[in-house]
S.K.: 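Below: one structure in structure tokens.
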Amino acid sequence: MSQIKGKKIVLAVTGSIAAYKAAYLCSLLKKRGADIYPVMTPNATFFLGPATLSSLAGNKTIVRQYEQGEKIYHISLARSADAVVIAPASANTISKLARGICDNFLTTTALSADCPVLIAPAMNHRMYLEDSVRENIKILSGTGKYLFIGPQTGDLACGEKGLGKMSEPEAIADRLCFLLVRGKDLEGKKVLISAGGTREYIDPVRYISNLSSGKMGAALAEEAAFRGADRVVLVTASGEPNSGRVEKIKVQTSKEMKEKMLDFFDDADITIMAAAVSDIVPEQSFDYKLTKKDDILSKLKFKLNQNILNILASEKKPGQLLVGFAAEYGLDMENVQNKKKNNIDAVIANDISRKDSGMGSEYNEVTMLIGDGRAGKLEKAKKRIIARKIWDSLIENLIDKGKT
Ligand SMILES: Cc1cc2nc3c(=O)[nH]c(=O)nc-3n(C[C@H](O)[C@H](O)[C@H](O)COP(=O)(O)O)c2cc1C
């Protein structure tokens, strides 16, 4: 498995009876050529000696938060790692991560990591099925940074049988390899994304806009950075990316958005117009606040706005990839199909009539039209997870096929 050769992996172990399997996982990863940096919670040391992992890894196992020679070691370790794997992961540590509690070296390192964190839960099946633990796993899964493997159903150390057994070290190592490949599948690409609802000013204090939060565009930008894109620029009217690797350009109006998108478009390999650009704009924007004395109603006239996606499509060069979003009130696929013009490689449609997903919501459910018009539906999920699946699909159908 060459994908893992020379990769810096933090192997994090928590206080579970399955901790002994971490020793095997450590030598397995080492054999595949990875550089292993072991980290343990203080409780994990009741189950496995740090010296065992240090010897197998060839690097000192870190347990105590405040005993490192290097200043702020958890940050430097987390920042330089290609992946963190927490195996086994106790219910306690999973819950701490979900709530942002970092009271030991392991949780502090995992929370400050900017790379994928693979979690292999191991616990009694009643603990695993406990509502609070399920909720915490759901929170972590929705962030995009944390990925889970297992647990499996099997004989548990407590003598019971159920869902809680840690996945086998071979399976964890294989998943890690897969993640490290995916972690690089946008390497060499420059990505440009727009997000949010534009504001079209009538006067200095009034504007028309829409309910777009910009979360979908921000999630797409985060995922692009997560997958190793060389540069990710987000031109945003609202969404805030949760990644230091995304360059954020704030805009308000569709005019500003168009200008900024055109500034970066030439250099971009892949452009996604996820912003909800207003279809209409005031015919005139006043530089003073209109009052009743100004005969305000007679001055409120609107015109159709320019279509930024179509403008970009007309500027597109061979090798560039352009993707548009269609916000549809009730999903009319014929309408969506019409939006997919020649120079637009994919259209992602979402139904904004739904209260439980789409505009403003944390969730989305989308239908994708790619290339020659094949439609694929991505079932309702957190926007960060939808973003991952959109990139999976674009990479599989367009990028891997050499369109860019
Ligand atoms: C013998 C024994 C086995 C345990 N096994 C597990 C386990 O497999 N999974 C788990 O979540 N907790 C297990 N626990 C409880 C954890 O060790 C406990 O919640 C601890 O606070 C975890 O700390 P940590 O997450 O900081 O490592 C076990 C406790 C004991 C005494």
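Remember, it's 1-based here, ligands and their atoms both numbered in the order they're listed. Predicted, not measured: the structure shown is a model, and the values here were computed from it.
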S.K.: Check each heavy atom of F46 against ligand 1 and say whether those closer than 4.0 Å belong to the side chain, the backbone, both or neither.
M.R.: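 The answer is neither.
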S.K.: For atom 27 (O) of ligand 1, which of the options P88, A89, G15, A12 provides the nearest non-hydrogen atom?
M.R.: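 Minimum heavy-atom distance to atom 27 (O) of ligand 1 goes to G15.
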S.K.: Looking only at protein heavy atoms, which one is nearest to atom 11 (O) of ligand 1, and how far off is it?
M.R.: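 Residue, atom and distance for the closest contact: A91 N, 2.8 Å.
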S.K.: State the CG-NZ distance between N305 and K258, to the nearest 0.5 angstrom.
M.R.: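 These two atoms lie 9.0 Å from each other.
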S.K.: Starting from atom 20 (C) of ligand 1, find the nearest protein heavy-atom neighbour and note its residue, name and distance.
M.R.: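 Checked against all protein heavy atoms, atom 20 (C) of ligand 1 sits closest to N43 ND2, 3.5 Å.
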S.K.: Rounded to the nearest 0.5 Å, how far does NZ of K7 lie from CG of D35?
M.R.: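 So the CG of D35 and the NZ of K7 are separated by 10.5 Å.
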S.K.: Taking the side chain from S194 and the backbone from A275, do they hold a donor-acceptor pair closer than 3.5 Å?
M.R.: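 Pair found, side chain donor or acceptor close to backbone of A275.
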S.K.: Salt bridge or not between K255 and E200? Use side-chain N to carboxylate O under 4.0 Å.
M.R.: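 Salt bridge flag = no for E200 with K255.
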S.K.: Out of S90, P151, A122, who gets a non-hydrogen atom closest to atom 9 (N) of ligand 1?
M.R.: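 Nearest heavy atom to atom 9 (N) of ligand 1 lies in A122.
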S.K.: Check ligand 1 against T41 and write out every atom of the ligand that is under 4.0 Å from a heavy-atom position of the residue.
M.R.: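 Near T41, the atoms of ligand 1 are 24 (P), 26 (O), 27 (O).
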S.K.: If the cut-off is 4.0 Å to any non-hydrogen atom of M127, which atoms of ligand 1 fall inside it?
M.R.: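 The list of qualifying atoms is 10 (C), 11 (O), 12 (N).
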S.K.: Give me the residue, atom name and distance of the protein heavy atom closest to atom 5 (N) of ligand 1.
M.R.: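 Heavy-atom neighbour on the protein nearest atom 5 (N) of ligand 1: I17 N, 3.4 Å.
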S.K.: Return the residue, atom name and 0.1 Å-rounded distance of the protein heavy atom closest to atom 29 (C) of ligand 1.
M.R.: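 Ranked first by proximity to atom 29 (C) of ligand 1 is F47 CZ, 3.9 Å.
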S.K.: Would you call D131 and R134 a salt bridge, taking side-chain N to carboxylate O under 4.0 Å as the test?
M.R.: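 Looking at R134 together with D131, the answer is no, because their closest N to O distance does not fall below 4.0 Å.
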S.K.: Check each atom of ligand 1 against the heavy atoms of M123 and keep those under 4.0 Å away; list them by number with element.
M.R.: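 Within the 4.0 Å cut-off of M123, ligand 1 contributes 7 (C), 8 (O), 9 (N), 10 (C), 11 (O).
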S.K.: Taking atom CD1 of I139 and atom CZ of R99, what is their separation to the nearest 0.5 Å?
M.R.: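 So the CD1 of I139 and the CZ of R99 are separated by 3.5 Å.
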S.K.: Atom CD in E223, atom CZ in R388: separation rounded to 0.5 Å?
M.R.: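 Output value for this atom pair is 4.0 Å.
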S.K.: Going by the order shown, which atoms of ligand 1 are within less than 4.0 Å of some heavy atom of T14?
M.R.: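 Numbered from 1, ligand 1 contributes 27 (O).
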S.K.: Nearest 0.5 Å, please: how far is CG in N307 from OG in S314?
M.R.: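 Here the interatomic distance stands at 10.0 Å.
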S.K.: Return the residue, atom name and 0.1 Å-rounded distance of the protein heavy atom closest to atom 19 (O) of ligand 1.
M.R.: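 Ranked first by proximity to atom 19 (O) of ligand 1 is N92 CB, 3.9 Å.
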S.K.: For atom 8 (O) of ligand 1, which protein heavy atom lies nearest, and how many Å away is it?
M.R.: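 Protein heavy atom with the smallest distance to atom 8 (O) of ligand 1: S16 OG, 2.8 Å.
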S.K.: Picking from K316, K317, Q320, what satisfies side-chain hydrogen bond (donor to acceptor under 3.5 Å, both in side chains) with D266?
M.R.: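 Answer to the side-chain hydrogen bond (donor to acceptor under 3.5 Å, both in side chains) test with D266 among K316, K317, Q320: K317.
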